[in-house]
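Structure, as structure tokens:
FYI, the numbering just counts along the sequence from 1. The structure presented is a predicted model; accordingly, all values stated were derived computationally and were not measured.
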Amino acid sequence: MAAVSRAKSESEAGKARRKSSSVGAPNGRKSSVGPSADVLHRSLSFTDCSVQQIGLAVLSEDPDWKFDTGFWCTILTGDPADEFRSFQNRTLGFWIQVYNRWQEAGHWNPAKVADCVDGEELQKLLKLPPNKVIEVIKLFDPTGHRRLSGSSSGGEGMKKCKIKVRDFMTAGVVLSRLIATKQKLKFILGLFDIDDSRSLDELEFAGFVTAFIHGLGASFGLRHKEDVMPTPKSIHLIVQRLYNRLGEIAAGRLKALRDQGNKDTLGLLAEAIRSHQLSRPQAGPPRQLVPFSTLVGWCFREYQDPLALPYALSIERFCPKLQPLDEDPEAHMDEEEKFYLSHKGPVPVPIESVVTHDSSMLTRREVVLARAVFHFCVAEGTFQMTHRELQQGLGREDLTADLWTKLQPALERITDERSRGIKADLFSFLRKLCPGAQKMHLRMFDSWLQQFDQMIEHQKFVEACEQKVVAQSHVNNLPIIPDVELARLEGQFKAIDVEGSGFITLAQIETAMGLDSELLRKYDVSADGFIDMHEFIAMMCPDNWRPPEMSGFDQEVLSSLLSHSAKKHRRELDSQKSLYAGSVERKSAMPASMRPEVPEETWAAWNAVFDRLDTDKDGVISSSELRSSMLLSQDICEQLIASTMMDGNDGIPRRVSASQKGFLLVVLGQLTRLGIKPMPTPEDAVARLRPPMCRDEKQSLSYNGLCGVKSDLSPCAATWTEARPGYGEKREFEADALSRAPEDRMLRDFSWMAWKLLERNCWPDFSAHYGLCCQGLAPPESCFDASAGRTFERCCRCDATSEPQNLGQWYTQQFFGPLLCDGPSVKAHDSDFWVLDRGQRRRLRVYVYPLARIFNADLLNRLQLGGWTSGSECDYGLTPCTEERWNSLFSVYRQFATEVLVLLKFLAAPEGVLTEDPSEADLFVVPYLAKTDCAESGNAGRDPCWGKCRCATAVKYLFESLPHYSWRTRARHLFLATGDIKDLPVEVQGQPLLLSLGASFCGGHIVVPSPNLDPDLQPGAKLELQEAAGREPARHVFAYWFGSNDKPWRRRVVGQLLQYQKAGVEKVVVHDIGSNYEARDIWQTTAASPQMVLEEMMRSEFCPIVQGDVPHQKRLFDAVLTGCIPVVVAFPSHVPGRVSWWLPQGPPAERMVPFWDSIDYRSFVVEISQAEVEAGRLMERLLQLSPADRTRRREAMRAARPMLRFDFAGSAPDAFSETLREIWSFLQTLWPGRSTSVGLMWDAANVSSPPFDCGVPPAVEGTQMYGHMACCPVVSRQPRG
């Protein structure tokens, strides 16, 4: 019993010792003699982290992971066993020869190749003396070595030893100092790729991991230490988890390739998968495979996987000293010459490449010096130089005697060849310097020289960046300009801006102040030829002050980012220089996967800064956005953007790189400690609005200032972008609210419920809130706080203070209140509404139906709330406004707002036009905004019904609200539906008199332009002022494209533009648009803002107008209004002899565009035939157009411009004037005795006509419908050919 107790106590004591010696290694066996705490905490010699940090990073990623601390500490900090060190100097050629002998012994049949060999067989493979083989046996088969040591018969003992060949070769290759890292990985992965597919299945991967652990363990003398070596069970779990992670990585890469690839890429991908499957026939289900490329990336830490750290760092530790870790020696070889292991035949021994044991191979430094020597000799006209002459001539003391011993014979040979008339070149000189150099080595030398030249340019960049950091530091120390001085500068600006427009031209400043034009252009941030107040103050601010914009948290963050970027580039430059100084910096930075996560508050502060600067919300702060912020000087802005472009970005990205995490952690933390506080984050802003304050704040959110309080809606939109309930949930809530409205509890809690709904889903629930509170679904007292001056009348209607003065203003308040309460926001021209009736000039008489708000105001308010929520500062066609950035679907909807403008123009009619007596009316206007209904009711465009408008909610009640509509009068009822004809409610498509965006097949289907809502496109705005002054913007862009590239003909045309862009023949600008409608991320484009698009079009010669979803193209009107010559593809139309500008067999061009009878489109539109585009000759045709022809076309566009835009001020006849002309022309065909269709005659014969029934067929998914002919007049004017 005593013996048993003693044994038990000793066992427990041993367990306690082993447990105390292990760090971060739960659920596994513990080492009896573990590494000391000092070793665990000490930074590794080759990377800036410790073994303990590695273990913690692994366990934080997977708490159930078995991290064998003792094993990995030995591999990463210890030295290989003395018996193995000679194998660290073996080349790749040596190991390939061993591999070939091993496979040859099994006749290149994987089933017959032995996994283990005995001592004698190992000696045959290695061709080494017996004593060296015995040293290998000691490490890889300790039991066999003990038997061998105690055996009198050496031969028999050798045969009883067993060494796993893959374990041994894996260790030898990984620990070699003479094999490039990528070649190491290709070799050891190839050992287990039995079918030569260059991928591993799970079983093969298990063999790789097991050999890696066992091989390294044996080479470090750990094979006999069972308490240190990972157990088979532990290795099995490691293999399963790692392989699953690698499978996810590989699947993610394939998915990304599929999602981002074009048709050709997808075809190649499918073919590669098929070929791969055919190359690995198998009876059972297909195996999961992980390709070599994924495994190599994993080992190189490309995927920042903490679980890869022990393996990646083990490989990195033994990287060749004279070579960067990730340099690929085979990058300079032809594909067929590259090295891969094969299990089917002998593997050729590759030419030793970058790393070589041959001292005759040139280094990077020697190659650069050799080039300098060659160019110096060429300049001097002789290669007969002494060592001293070269040193003095080059001014270099590093021309060593060792290099001179190579240079001297090479110079003599060049001299001899020149005497025989053979011309010398650099690479023949390098070959003479290094006689053993092959073709791949010469390519490598060339690559080194190019990298050196790039390094010199990088050095210039870094020095300039550091100078800018010093300059910015000086600016940051300057005081803010005093208010008195600021007022003085503002006075100067106003004195020059005599027109009070808010901007002045460069010429005005040059004249008034005598400033240099180049200086003025430097401060013209928008590059539009004008200087606004902020630009003027930045330009004129004295050197001892800084402008007010150059202060605050955002400015400090950007300044710190510049400093951080300069330091990062300096470190990169120093690392590059070390390569050409004959050494490589061996200690790398801490792996990114081990760095601490950025704290939430720090990340939120960065996001807040980023959101304020990224005005177009494309995820990148561009140069124009940074300059427009005025936070930094223009020079500093350009330097900061250039720094980010050096990192491979187009601007400053939101997702910071691993190196920038340090910037966030350190810089933002320092700023906060210094008392420089960030602006509130979106989450903070919304948190302040939660109950009990929500009753007050809810109204200010709902109307964004219409209730008397201005409020920023963007925090709400930015906060809940991920978890948004579906459209059905919103409707269910409204239905539930209706069903429970009589209950007191529901009324009492209504405000809280509406707020919770608002929290859950910002965009639709602003609409839901409007519907509940402003459309009578809940009592006003449960929605509005009357004590705060908020009432139903003030928040949902135009209150009594806005008494209408005429019929048009009354209609405006009903159809647009409370958005417009003082009357129409537009004016009609004096000549509008005058008609010539049977020789007499008179006013047109118009009856506007007083329709309920569900047909107009309610639709507009709900849609407008969605626009404000998405961050738009503009309205839906009520006033001229250019959005400062792309704003989700609202920016899409605004191109359909023509119906709003047309209705406002009717309501702005002069006295005597509008009548309340229907018997006096020539025309009945139906103020149902059909396209607005489609946009608002289709769940923000996310439901499929939005496209063909099958979700329109108001149209079902429309005709019962039109008491004067009948079969006899319906042709005089004007319907406003300015969308594409196929995307309208079918009840509206079939109407005889209709305004739409086309195409039209009926005389009464009038095509109107898209709305020109940008102030710069209004009459007398910036562009026309410049033209009138003879300063039209220089058109330095030859061809310009802004749009999606997802249609076949667009891809053809844009592809040809891109070819010329690459060739550099003419300047071509292409901005592609990507969209994710489900996520409402609609504007994924490099075009920074709508304003940028207009500016670029004003500076472009040609703008292609190519196939979209529908014939209507807003860009056609933008092109005409900006002076960019439209280019179309001329297809054969379905009407014989006609041309379509949309698609083959599409509608004729004269039915696609507005006012074909009044505008000679062919005088300015460039038509290129389908055949020429198919032949790739589009750009060739454009280049053939002379400057005189282009000028003539632009003059024709100027003549057409007034008819294709809506003049908000009513200063001249415009598109509305042309629309009225077309309407009156159609109405004239309806008078008795005029040619018209049966059923539209305005006489007694039609009194008993059947009720309205167009017989419109139902919409069929996938079909393209352009109007329903059953209701259209049979006779109409013949279009001009």
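Not counting sequence neighbours, Tyr876 has no partner by the ring pair (Phe, Tyr, Trp, His ring centres under 6.0 Å) test. Every residue meeting the ring pair (Phe, Tyr, Trp, His ring centres under 6.0 Å) condition with Tyr1040, not counting sequence neighbours, appears here in chain and number order: His1071. Cys1103 pairs by the disulfide bond (SG atoms under 2.5 Å apart) definition with Cys1124, not counting sequence neighbours. For Cys541, there are no disulfide bond (SG atoms under 2.5 Å apart) partners at least two apart in sequence or on another chain.
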> Step by step, would you call Glu1095 with Arg1099 a salt bridge (charged side-chain N to carboxylate O under 4.0 Å, His left out)?
Replying inline: CA-CA 7 Å; Glu1095 293 288 347; Arg1099 288 164 170 76; 2.8 Å; yes
>> Set out, in order, the CA-CA distance, both residues' side-chain angles and the distance that settles salt bridge (charged side-chain N to carboxylate O under 4.0 Å, His left out) for Glu1027 and Arg1201, then state yes or no.
In response: CA-CA 13 Å; Glu1027 291 174 341; Arg1201 188 185 292 165; 3.1 Å; yes
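Residue pairs meeting the salt bridge (charged side-chain N to carboxylate O under 4.0 Å, His left out) criterion with at least one member in residues 1182-1191, sequence neighbours excluded, are Glu1101-Arg1190, Asp1189-Arg1192, Asp1189-Arg1193. Residue pairs that meet the disulfide bond (SG atoms under 2.5 Å apart) test with at least one member in residues 1010-1044, sequence neighbours left out, do not exist here.
Ring geometry, Phe896 versus His1112: the interplanar angle falls from 30° to 60°, so the pair is classed tilted.
Asp614 contributes atom CG, which lies 11.5 Å from atom CG of Leu626 (distance to the nearest 0.5 angstrom).
In the model, Glu883 has a side-chain atom that pairs as donor or acceptor with a side-chain atom of Ser872 under 3.5 Å. When only modelled atom types and interatomic distance are considered, Gln508 and Asp497 share no side-chain donor-acceptor pair under 3.5 Å. A side-chain donor from one of Glu1167 and Trp1141 sits under 3.5 Å from a side-chain acceptor of the other. Looking only at atom types and distance, the side chain of Ser629 has no donor-acceptor partner in the side chain of Glu549 under 3.5 Å away.
Within 6.0 Å of CD on Glu499 lie no more than 12 heavy atoms contributed by other residues, nucleotides or ligands. Within 6.0 Å of the NZ atom in Lys827, the count of heavy atoms belonging to other residues, nucleotides or ligands does not exceed 12.
Relative to the ring axis of Trp1041, Arg1115 places its NZ or CZ within 45° and under 6.0 Å from the centre.
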